[in-house]
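In this text the structure is predicted, and so the values were computed from the model without any measurement. Numbers restart at 1 for each chain; the letters A, B, ... are given by sequence-line order, proteins then strands.
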Amino acid sequence: MSGDHSHNEDQVDGGSRFNDKYKDKYKEKEHKHKDHKKDKEREKSKHGNSDHKDSSDKKHRDKEKMKHKDGSTDKYKDKHKEKRKEEKMKSLDGKVKKEKENGFASPLHLKSEPEDNFYHSPKHERSLKRERDDDNDTEFKPKKIKIENDKKAKKRKPEEDAKSKKTKNKKGEVADGKKKAKKEPEEKWKWWEEERYTDGVKWKFLEHKGPVFAPPYEPLPSNVKFYYDGKHMKLSPEAEEVATFFGKMLDHEYTTKDIFRKNFFKDWRKEMTPEEKAKITDLKKCDFNEMNDYFKAQSEARKAMTKEEKLQRKEENERLLQEYGFCIMDNHRERIANFRIEPPGLFRGRGDHPKMGMLKRRIRPQDIIINCSKDSKHPEPPPGTKWKEVRHDNKVTWLVSWTENIQGSIKYIMLNPSSRIKGEKDWQKYETARRLKKCVDRIRNQYREDWKSKEMRIRQRAVALYFIDKLALRAGNEKEEGETADTVGCCSLRVEHIKLYPENEGQEYVVEFDFLGKDSIRYYNKVPVEKRVFKNLQLFMENKEPDDDLFDRLNTSVLNKHLQELMDGLTAKVFRTYNASITLQQQLKELTSAEENIPAKILSYNRANRAVAILCNHQRAPPKTFEKSMQNLQTKIDAKRDQLSDAKRELKSAKADAKVRRDEKSKKSVETKKKAVQRIEEQLMKLEVQATDREENKQIALGTSKLNYLDPRISVAWCKKWGIPVEKIYNKTQREKFAWAIDMADDDFEF
DNA sequence: TAACTAACTTAGAAACCCTACG
DNA sequence: CGTAGGGTTTCTAAGTTAGTTA
């Protein structure tokens, strides 16, 4: 058997001696696996591999073997094989099925970042006045907030009005004691001009009103009936509530999926009375249609409400927002992101999620942990109830937490992205990425060196890092099989996810990636790689089954530990941030031309943004109405064209007329006509740009990168440089989130 | 060391709402 | 004035990362 392990050993062409210790360790781990099936599977695959003792394998093995001082093993990484195999048996076309229905198919290539300059990182590096080095620099002058300067005040006028309305309202807030403190300055607080906490403390004072619970269940009116096997059946309130969750979703594809139905039915039965349970044994015999109709009618009714009713609803919402949607954190009133507790319902996992359809139970006060300062006025639980706990932990940022019943994970209520606590973190994230910029050359040289390492784990680490850097892949943690959809990232890639082509379409050493990533979004890409990478991949894949891990000596923890050594604060995800931001900056430089008008410049911006979205594989399902809306737009364009030729014709005749008549009036008429033509031309151009933009955006989602990966200062600087109002790039919410960047970035900001 | 836990960021879909157009 | 449809907001799932525990 010992030989059977060989493929697991750390060894590379360099070869080395056999290592029995490792084998033992490996065995030990095996026994830790909870599932016996998995052990069996393990054995199976070992046998399978032993069959592959080809000469090259032998050669490697016999030569000096690379050792893994870390004693790393195959670890649990492949423990989940069995299930996957089973699934595959069931559906050979699993891939196709699993794929999201977003129509994504073709390899999207980032046109920029050509191979040849990949390792050249932009040189110019300059720091802004106010900037501080993210980690240790605290030499910030805590300026007191003053009036914003005129320019900005002007620019922000529209929202400012809205803002001040809000700030007025807040006077309603409790103003007791020293803590609550000084009246909020009416101007926007520039937290970025103040010093930060350094010691892991997130706040000194925190007060809030607790969460808003989901409204209690309202039983259906008696005329809305449920039928089982064609016969009316009155359900108990508990069973009825869960039934309505399903009834509401009848039009959704989920309800056609086997797993969803199975999970739902199982959980639903748990809520039934013994009688109901005895009777309702087959979901297919359940008729939820009246419920479905009822809820549809309800939403129609809501839409059809009178203005006053709508206004009333709005005001009620606003009241709730004012009361529960804000907290006081360190003397400032800050917006809470999700102050409403998630209502009960059926779990909607993405992709092929094994738990889809399970009942997400209602959260009650006794499930809730409150976090606030000791010296604050603690939120009251609803009458007759108790919180699970009230704690005062100022090393964390959340206000409320509870444990969710599907995955057993913890959910939190936290602050809005516009808040200081989120903003600082965001800013810091980009500063870390900028620090990476300074040393990325070194790191790239290093991993290129490591491709030649004698140690397998180092080679794997280096190749993985290359992918993360070049392709902006996610780190790829291991996941518990059967708990979530089968998706992967870089470190968890399996052999089946890549194909190697020594030569493909005229290019050498092409790797084809095809896997499901986060949210079960397909990643498909064909990329030429360096020869050494290619050879390494061949080596990593040797004697492995399709569902073996490509990087069996690597996981995210190992990788991140290594990265940490290369640069303080460096982790795998920093590469995504860095590459996204640097790409935007590069693309903006490349695509923006001074002569173009504003709409054209904005198109360029969107294209630069798009390059990033493609790099990060941010996709969306093409809107259902996409084709139609494209057509509509085309019709508009055609109409505009006609209008233009009409206007031109009129201009012509006006000109002719003016020539003959030579009077003021006809001259004027020419001028007007000229203007009209110009105006129409502009409109046409705008429409055409819009069409191009939309077409190019069909399956690409720009929002995610804009919100999470692109240093906003790059965009702000670009706007300032070209005289584009930031509003054209960022909507109100985005401007709130990026207020720090809008305030501090000048037109010469360099990422 | 690996498994587990906590905290926090990132993500696409769906719901909502506003506005331009007929 | 009604409405389509597109932008915005909300929702909550699904990741990453670091720290703790066994």
> Is the side chain of A:Asp693 donor-acceptor paired with the backbone N or O of A:Asn606 at a distance under 3.5 Å, no angle test?
Replying inline: no

> Any side-chain N or O of A:His618 less than 4.0 Å from the OP1 or OP2 oxygen of B:dT10?
Replying inline: no

> Could you go step by step and tell me if A:Val612 and A:His618 meet the side-chain contact (heavy atoms from CB on, under 4.5 Å) rule?
Replying inline: CA-CA 9 Å; A:Val612 175; A:His618 290 142; 6.0 Å; no

>> From CD1 of A:Ile602 over to P of C:dG7, roughly how many Å is that when rounded to an integer?
In response: 13 Å

> For A:Asn632 and A:Gln634, what are the C-alpha separation, side-chain angles and deciding distance, and is it a side chain to side chain donor-acceptor pair (under 3.5 Å)?
Replying inline: CA-CA 5 Å; A:Asn632 290 156; A:Gln634 195 53 52; over 6 Å; no

> Do A:Phe339 and A:Tyr324 have ring centres separated by under 6.0 Å?
Replying inline: no

> Should A:Asp519 and A:Arg350 count as an ion pair when the cut-off is N to O under 4.0 Å?
Replying inline: yes

>> Strictly below 4.0 Å, N to O, side chains only: are A:Lys422 and A:Glu334 in salt-bridge contact?
In response: no

> When all nucleic acid strands are considered with a 4.0 Å heavy-atom cut-off, which category describes A:Ser409: base, sugar-phosphate, or nothing?
Replying inline: nothing

> Where do A:Met329 and A:Thr397 come nearest, in terms of heavy atoms and distance?
Replying inline: CE-O, 4.5 Å

>> Using whole Å, what does the distance between atom P of nucleotide B:dA6 and atom CG of A:Asp393 come to?
In response: 12 Å

> Within this structure, what is the CG-to-C1' distance between A:Asn371 and B:dC8, rounded to whole angstrom?
Replying inline: 14 Å

> Base, sugar-phosphate, or nothing for A:Pro343, non-hydrogen atoms under 4.0 angstrom?
Replying inline: sugar-phosphate

> What string of B, S and - do you get for nucleotides 13-22 of chain C, 5' to 3', if B is base contact, S is sugar-phosphate-only contact and - is no contact with any protein heavy atom under 4.0 Å?
Replying inline: SBSBBS----

> Which whole-number value in Å describes the distance from A:Tyr412 OH to B:dT9 P?
Replying inline: 11 Å

>> Please confirm whether the shortest side-chain N or O distance from A:Lys628 to OP1 or OP2 of C:dG5 is below 4.0 Å.
In response: yes

>> Go through it in stages, so that I can follow the logic: the residues are A:Asp352 and A:Lys257, the test is salt bridge (Lys or Arg N to Asp or Glu O under 4.0 Å), and I'd like the CA-CA distance, side-chain angles, deciding distance and then a yes or no.
In response: CA-CA 10 Å; A:Asp352 261 349; A:Lys257 297 192 177 179; 5.3 Å; no

> Out of B:dC4, B:dC8, B:dT9, which nucleotide sits closest to the side chain of A:Lys422?
Replying inline: B:dT9

>> Quick check on C:dT8: is either OP1 or OP2 less than 4.0 Å from any side-chain nitrogen or oxygen of A:Asn731?
In response: yes

> Taking the nucleotide of DNA chain B with the closest heavy atom to each, which residue, A:Asp426 or A:Gly408, is nearer the 5' end?
Replying inline: A:Gly408

> Closest nucleotide of DNA chain B for A:Thr704 versus for A:Arg391: which of these residues is on the 5' side?
Replying inline: A:Arg391

>> Walk me through whether A:Ser629 and A:Arg694 qualify under side chain to side chain donor-acceptor pair (under 3.5 Å).
In response: CA-CA 10 Å; A:Ser629 90; A:Arg694 195 182 296 173; 3.1 Å; yes

> Starting at the 5' end of DNA chain C, which residue's closest nucleotide do you reach first, A:Asn416 or A:Met630?
Replying inline: A:Met630

>> Side-chain N or O of A:Lys303 versus OP1/OP2 of C:dT3: is the shortest distance under 4.0 Å?
In response: no

>> Using the side-chain heavy atoms of A:Lys202, tell me which of these nucleotides is nearest: C:dG6, B:dG12, B:dC8.
In response: B:dC8

> Of all the nucleotides listed (B:dT10, B:dC8, B:dC4), which has the minimum atom distance to the side chain of A:Thr397?
Replying inline: B:dC8

>> I need the CH2-C1' distance between A:Trp402 and B:dA6, as an integer number of Å.
In response: 15 Å

> Under a 4.0 Å N-O cut-off, is there an ion pair linking A:Glu323 with A:Arg319?
Replying inline: yes

>> Using ring pair (Phe, Tyr, Trp, His ring centres under 6.0 Å), reason through A:His353 and A:Phe347 one step at a time and then give a plain yes or no.
In response: CA-CA 10 Å; A:His353 197 116; A:Phe347 177 72; 4.9 Å; yes

>> Let me check the geometry of the helix from B:dT1-C:dA22 to B:dG22-C:dC1. What is the bend angle between the axes at its two ends, five pairs each, to 10°?
In response: 0°

> Rounded to the nearest Å, what distance is computed from the CZ atom of residue A:Phe295 to the P atom of nucleotide B:dA15?
Replying inline: 14 Å

> What is the per-nucleotide protein-contact pattern of nucleotides 16-22 of chain B, from the 5' end, where B denotes a base atom under 4.0 Å from a protein heavy atom, S denotes such proximity for sugar-phosphate atoms only, and - denotes neither?
Replying inline: -SS----

>> Ignoring hydrogens and geometry beyond distance, is a side-chain donor-acceptor pair present between A:Tyr430 and A:Ser581 at under 3.5 Å?
In response: no

